[in-house]
> 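Could you have a look at this structure, given as structure tokens, before my questions?
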Protein chains: 2
Amino acid sequence: MQSTDVVESIKRVLRDRGLHATSARVSVLEVLREGHEHRSVEDIRAQILERYPMIDPSTVYRTLETLEEHGLAVRVELGDKRTRWAYMTDAHHHMVCRRCGAVAEMGDAPFQRFADDLTGAYGVRVDMQHLVLHGLCRRCAARSDT
Amino acid sequence: MQSTDVVESIKRVLRDRGLHATSARVSVLEVLREGHEHRSVEDIRAQILERYPMIDPSTVYRTLETLEEHGLAVRVELGDKRTRWAYMTDAHHHMVCRRCGAVAEMGDAPFQRFADDLTGAYGVRVDMQHLVLHGLCRRCAARSDT
DNA sequence: CTGCTTGCAAATAGTTTGCACGTTC
DNA sequence: GAACGTGCAAACTATTTGCAAGCAG
């Protein structure tokens, strides 16, 4: 299990979707797969530059967009102006605390129930992969109860 | 019931919150109150210019931020890059269709149930005023069932 | 009159685009 | 070698900020 194998498996994934396995795409996917937090374009680029020679920001933008179209990456809007990106894995959700800024992760079950409710009531099919909510985190909510 | 009365009532609302009742604030609130769709800063400014002499974009930005802090306006992120604003009224929610772009409004009940679920499960207090979801609208969902 | 607000102009920040060259298949 | 993807530089768009002058209380 060498890092070469990781690269090879990523290339296979890309070619399976009919994409050219370019070094830009490989490096972006490689970095995305290493953690499941959501990262900005600049974070991603910085991590790539630590081990690959060079990549232009515009290439990172274009690459992420391509990966998104092919179901390999997800776009997450946390509420500040920069778009975050994550490797497409299991559904999990976030809440950004409006008081302290903490980002909490939450499991999928209540979200699925909610999505089903909405389908029943309105016929819509809600994307429930990486929802972002705002509000008060557990700690700030508890404090404001006093 | 003259338009003067509208202006006077808005001024009262502003002063009640300890804000100076400036013409910028009055005109922004007046325009926001006229419809409950969500409008961009430029939309709002354009509507103001139809009847008031002049207002700078930066003033609209600052005014909306102030109104938000005082609970008179809500910020809504529909997913494109510009922030939309609405008059703060009853809770209602939106779904942006990822296929056709339609924006559907939905009532509050399932959302409240969901918020209570999350409080029970995670202790968080979710803001459920103007949530924006993404997915497939009724029509596009039906079509993709074939 | 005193401080909060505004207009103006300029600066940011994130993102997008056109084009010539390099790479992948 | 044909099509696709990348780097580079420049353009855009929405938004923010500093400052001097204006208006509200």
Side-chain angles (χ1 to χ4, degrees), chain A residues 7-8 10-31 38-49 52-70 72-85, chain B residues 7-31 38-49 52-70 72-86:
Chain A
V7 169
E8 284 312 314
I10 289 176
K11 285 187 176 175
R12 206 173 314 124
V13 167
L14 288 167
R15 296 209 179 95
D16 282 352
R17 327 238 163 183
L19 293 171
H20 282 193
T22 68
S23 65
R25 288 171 185 166
V26 170
S27 61
V28 168
L29 259 189
E30 186 179 340
V31 162
H38 305 106
R39 272 157 296 178
S40 68
V41 168
E42 260 314 297
D43 292 344
I44 293 168
R45 188 168 100 103
Q47 281 192 54
I48 291 175
L49 292 181
Y52 288 94
M54 150 56 139
I55 187 167
D56 193 77
S58 68
T59 301
V60 180
Y61 280 100
R62 289 191 269 226
T63 300
L64 287 165
E65 207 163 305
T66 302
L67 295 178
E68 181 187 35
E69 283 163 12
H70 292 266
L72 295 169
V74 260
R75 181 191 301 252
V76 182
E77 307 288 353
L78 247 33
D80 54 358
K81 64 193 55 171
R82 65 185 86 189
T83 296
R84 312 308 177 91
W85 294 87
Chain B
V7 169
E8 284 312 313
S9 92
I10 290 177
K11 286 187 175 176
R12 206 172 313 124
V13 168
L14 288 167
R15 296 208 179 97
D16 283 352
R17 326 238 163 183
L19 292 171
H20 282 193
T22 67
S23 66
R25 287 172 187 166
V26 170
S27 62
V28 169
L29 259 188
E30 186 179 340
V31 162
H38 305 105
R39 273 158 294 180
S40 68
V41 168
E42 260 314 298
D43 293 342
I44 292 168
R45 188 168 100 103
Q47 282 192 52
I48 291 175
L49 292 181
Y52 288 94
M54 151 53 139
I55 187 167
D56 192 78
S58 68
T59 301
V60 181
Y61 279 101
R62 289 191 269 225
T63 300
L64 286 166
E65 206 163 306
T66 303
L67 294 178
E68 182 188 35
E69 284 163 12
H70 292 267
L72 295 170
V74 260
R75 181 190 301 251
V76 182
E77 307 288 353
L78 246 34
D80 55 357
K81 62 195 54 172
R82 66 185 85 189
T83 297
R84 312 307 176 91
W85 294 87

> More 5' along DNA chain C: A:D56 or A:A21, using each one's nearest nucleotide?
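Whichever sits nearer the 5' end wins; that is A:D56.
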> Identify the heavy atoms of A:H20 and A:R25 that sit nearest to each other, and give their distance.
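Scanning both residues, the minimum pair turns out to be O-NH1, 3.0 Å.
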> Which whole-number value in Å describes the distance from B:L64 CG to C:dT5 P?
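Atom-to-atom, B:L64 to C:dT5, this comes out as 14 Å.
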> Strictly distance-based, threshold 3.5 Å: is any side-chain N or O of B:R17 a donor or acceptor partner for the main-chain N or O of B:H70?
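Looks like yes, one N/O pair under 3.5 Å.
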> Where the side chain of A:R62 is concerned, which of C:dG18, D:dA14, C:dA9 is the nearest nucleotide?
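Out of C:dG18, D:dA14, C:dA9, the nucleotide with an atom closest to A:R62's side chain is C:dG18.
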> Go through it in stages, so that I can follow the logic: the residues are A:L67 and A:L14, the test is side-chain contact (heavy atoms from CB on, under 4.5 Å), and I'd like the CA-CA distance, side-chain angles, deciding distance and then a yes or no.
CA-CA 9 Å; A:L67 295 178; A:L14 288 167; 4.0 Å; yes
> I need the OH-C1' distance between B:Y52 and C:dG7, as an integer number of Å.
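Whole-Å distance recorded here is 18 Å.
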> Taking only side-chain N and O atoms of A:Y61, does any of them lie within less than 4.0 angstrom of OP1 or OP2 on C:dT15?
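So the side-chain polar atoms of A:Y61 do come within 4.0 Å of the phosphate oxygens OP1 or OP2 of C:dT15, strictly under.
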> Can you measure A:D80 atom CG to C:dT12 atom C1' for me and round it to whole angstrom units?
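Answer to the nearest Å: 15 Å.
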> Starting from the C-alpha separation in whole Å, work towards a yes-or-no answer on side-chain contact (heavy atoms from CB on, under 4.5 Å) for A:T83 and A:L64.
CA-CA 11 Å; A:T83 296; A:L64 287 165; over 6 Å; no
> Nearest-Å distance, NZ (B:K11) to P (D:dA24)?
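Taking atom P of D:dA24 as the reference, NZ of B:K11 is at 8 Å.
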> Any side-chain N or O of B:T22 under 4.0 Å from OP1/OP2 of C:dT5?
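No, no such contact exists.
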> Might you point out which heavy atoms bring A:T66 and A:L19 nearest each other, and give the distance in Å?
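In this case the closest contact between A:T66 and A:L19 is CG2-CD2, 3.8 Å.
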> Check this one for me: any side-chain N or O of B:T83 less than 4.0 Å away from OP1 or OP2 of D:dT15?
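Affirmative; the distance criterion is met.
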> If you pin B:H20 and B:R84 to their nearest nucleotides in DNA chain D, which one's is more 5'?
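Residue closer to the 5' terminus by nearest nucleotide: B:R84.
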> Using a cut-off of strictly less than 4.0 Å, decide whether A:S58 has a side-chain nitrogen or oxygen near OP1 or OP2 of C:dT16.
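No, no such contact exists.
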> Measure NZ/A:K81 against C1'/D:dT13 and give the value in whole Å, please.
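Rounded to the whole Å, the gap is 11 Å.
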> With a 4.0 Å cut-off, would you call B:R45 and B:E42 a salt bridge?
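Salt bridge present between B:R45 and B:E42.
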> At under 4.0 Å, does any side-chain N or O of A:R25 touch on OP1 or OP2 of D:dG5?
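Yes, within the criterion.
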> Could you tell me, to 10°, how much the axis swings from one end of the helix from C:dC1-D:dG25 to C:dC25-D:dG1 to the other, five pairs per end?
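Between the axes fitted at each end of the helix from C:dC1-D:dG25 to C:dC25-D:dG1 lies an angle of 40°.
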